[in-house]
Structures are given as structure tokens and as C-alpha cells.
Amino acid sequence: SKSLAGVKGTETERTFIAVKPDGVHRGLVHKVIERFENRGYKLVGLKAVVPSRQLTEEHYADLKSKPFFKGLVDYMSNGEAPVIAMVWEGPDVIKQGRAMIGATNPLQSAPGTIRGEYCVSVGRNAIHGSDSFESAEKEISLWFGKAGELIDWKRSGSEWVISNN
Ligand code: GDP
Ligand code: MG
């Protein structure tokens with residue numbers, strides 16, 4: 001079946017981006033959306049969710065052995081604020097999305113990146129983005145795996161954003 005992350009290396013490539021509960025509390029949702037929209041990327045999925053512990057543990061499965069894992073899962077899933085989950089589509093969106101977000105530790109995030117503009121603590125770094133095509137596939141299917149949750153549509157004026165030559 002067709003990959004939920006689109007076709008790697010084409011304009012159909014997709015990534016999973018989420019504003020985490022601290023980012024939601026701080027009113028950063030619109031700033032994240034604005035940056036991806038302004039860049040020329042296309043929003044194909046969006047929802048507010050309080051993820052279950054099980055979903056959060058699966059999402060962060062590679063970090064299970066870390067000392068901060070329990071705290072991370074608690075703060076993502078305790079419902080003090082939702083996670084704003086999104087899927088963005090466009091050329092090189094996985095790598096470019098990571099670059100726009102900045103380094104995991106905001107004290108190492110370049111000025112101009114989302115974390116570099118808005119964050120100072122690794123445990124409150126506001127936003128998630130898939131780190132590879134394989135992660136994007138896994139994460140999109142975890143958060144947006146039900147039929148009909150992602151919308152195929154054509155952005156008005158996309159020919160002024162993406163050229164085929
Ligand atoms: P990311 O892909 O840049 O988000 O970073 P990772 O995949 O390495 O880690 C996932 C998330 O776990 C990070 O975004 C942080 O929220 C959290 N995290 C990572 N390292 C630490 C740490 O050393 N301390 C704490 N408290 N949280 C961390
Ligand atoms: Mg990661």
C-alpha cells in the first residue's frame with residue numbers, strides 16, 4: 001500500500017510535526033503553522049490530541065531506557081494541554097522541518113530556528129519533527145493511521161512555489 005509519508009525525495013514527501021504541551025501553553029501553535037505555511041509547505045493533517053501513555057511510549061520507543069523517559073511520557077500524555085499533531089507535505093520537508101525546528105537542546109539551537117527563538121530547556125522544547133523518512137512513516141501511521149485523516153489537495157498557486165524543472 002502507499003506510504004503515508006509519500007514518496008521520499010519528491011514533492012509528495014510528508015513529515016510528522018507536533019506542537020508539544022509546553023508549546024501549546026505558550027501560544028506557539030500559530031507560529032509553527034506560520035513558518036511551515038510561509039516556507040511553502042502544505043498542511044495535510046491537523047488535530048488536537050491528548051495521547052495515551054501507550055501512544056506516547058510507542059512514539060518515543062527509541063528513548064525507553066533514558067532517565068527522562070517517564071517524565072517525558074507524563075508531560076506529553078497527562079492532558080494539561082493537548083498535543084497539536086500535524087502532517088506537512090513538500091520537497092525535502094523531513095530534513096527542512098528538522099532544520100526549521102533546531103537542535104534538540106535549545107541552548108544549541110541556532111537563532112532563527114523555532115527552538116532557538118522560543119526555548120531554553122531540553123525538557124520543554126515545544127515541538128517535535130520526524131528525523132528520517134522511516135520515522136515519518138512510523139509516526140504518521142501512529143498519529144494519523146485511520147482512514148480519512150489525511151487530505152490530498154492542491155495548494156492554490158503551488159506552481160509559484162514548486163517548479164518541476
Ligand atoms: P528530538 O528529535 O530533537 O525531539 O530529540 P530526541 O528524539 O533525542 O528526544 C525526544 C524528546 O525527548 C526531546 O525533544 C525532549 O523533549 C526529550 N529529551 C531529549 N533529551 C532529553 C534530556 O536530556 N532531558 C530531558 N528532560 N528531556 C530530553
Ligand atoms: Mg526525535
Side-chain angles (χ1 to χ4, degrees), residues 3-6 8-9 13-39 41-145 149-150:
S3 163
L4 290 174
K8 186 180 179 176
E13 182 176 301
R14 292 173 168 180
T15 193
F16 176 70
I17 299 291
V19 182
K20 302 198 278 194
D22 55 314
V24 178
H25 271 292
R26 297 184 50 214
L28 301 179
V29 176
H30 72 289
K31 297 195 178 288
V32 171
I33 292 175
E34 180 178 44
R35 284 173 181 235
F36 281 83
E37 276 193 323
N38 282 351
R39 185 82 190 269
Y41 290 124
K42 182 171 74 174
L43 186 60
V44 297
L46 172 72
K47 61 182 173 184
V49 257
V50 175
S52 65
R53 294 192 69 87
Q54 192 196 323
L55 170 61
T56 310
E57 284 169 5
E58 264 182 70
H59 173 79
Y60 283 129
D62 56 326
L63 300 172
K64 210 161 32 201
S65 63
K66 303 283 187 191
F68 57 82
F69 185 71
K70 187 180 176 299
L72 175 63
V73 173
D74 283 344
Y75 120 92
M76 287 287 287
S77 61
N78 71 13
E80 285 179 33
V83 170
I84 305 300
M86 298 178 256
V87 178
W88 288 90
E89 180 182 299
D92 204 28
V93 69
I94 297 168
K95 192 177 87 192
Q96 298 300 324
R98 291 285 294 190
M100 290 160 71
I101 288 169
T104 301
N105 182 345
L107 300 182
Q108 263 119 55
S109 304
T113 64
I114 294 167
R115 288 169 175 162
E117 292 282 303
Y118 301 118
C119 306
V120 291
S121 174
V122 70
R124 297 288 183 269
N125 62 5
I127 180 168
H128 169 83
S130 306
D131 64 6
S132 66
F133 185 77
E134 293 65 36
S135 301
E137 280 189 305
K138 175 198 150 178
E139 292 166 6
I140 295 168
S141 75
L142 204 52
W143 293 80
F144 288 92
E149 288 201 295
L150 298 176

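We count ligands from 1, going down the list as the structure has it; atoms in each ligand are counted the same way. Everything quoted here is computed from the prediction, not taken from an experiment.
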What atoms of ligand 1 come within less than 4.0 Å of a heavy atom belonging to Lys20?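 Going through ligand 1 atom by atom, the ones under 4.0 Å from Lys20 are 13 (C), 14 (O), 15 (C), 16 (O).
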
Non-hydrogen atoms of Val122 versus ligand 1: any pair closer than 4.0 Å?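 Val122 counts as a contact of ligand 1 under the 4.0 Å cut-off.
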
Backbone, side chain, both or neither: what part of [X] comes under 4.0 angstrom of ligand 1, heavy atoms only?
{"X": "Asn105", "answer": "neither"}
{"X": "Leu63", "answer": "side chain"}
{"X": "Lys66", "answer": "neither"}
{"X": "Arg115", "answer": "side chain"}

Heavy atom of the protein closest to atom 17 (C) of ligand 1 (residue, atom name, distance):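 Atom 17 (C) of ligand 1 sits closest to the protein heavy atom Phe68 CE1, 3.8 Å.
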
Should we count NZ of Lys138 as having more than 12 external heavy atoms under 6.0 Å?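 Yes.
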
Taking the six-membered ring for Trp, are Trp88 and Tyr41 closer than 6.0 Å centroid to centroid?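 When the ring centroids of Trp88 and Tyr41 are compared, they turn out to be at least 6.0 Å apart.
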
Got a donor-acceptor contact below 3.5 angstrom from the Arg115 side chain to the Gly102 backbone?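 Confirmed, Arg115 side chain pairs with Gly102 backbone.
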
Best match, Ile101, Asp131, Asn125: closest heavy atom to atom 14 (O) of ligand 1: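 The option holding the nearest heavy atom is Asn125.
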
Option set Arg98, Arg124, His128, criterion heavy-atom distance to atom 2 (O) of ligand 1, minimum: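 Nearest heavy atom to atom 2 (O) of ligand 1 lies in Arg98.
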
Minimum heavy-atom separation for Phe16 to Ile140, with atom names?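 For Phe16 versus Ile140, the nearest heavy atoms are CB-CG1, 4.0 Å.
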
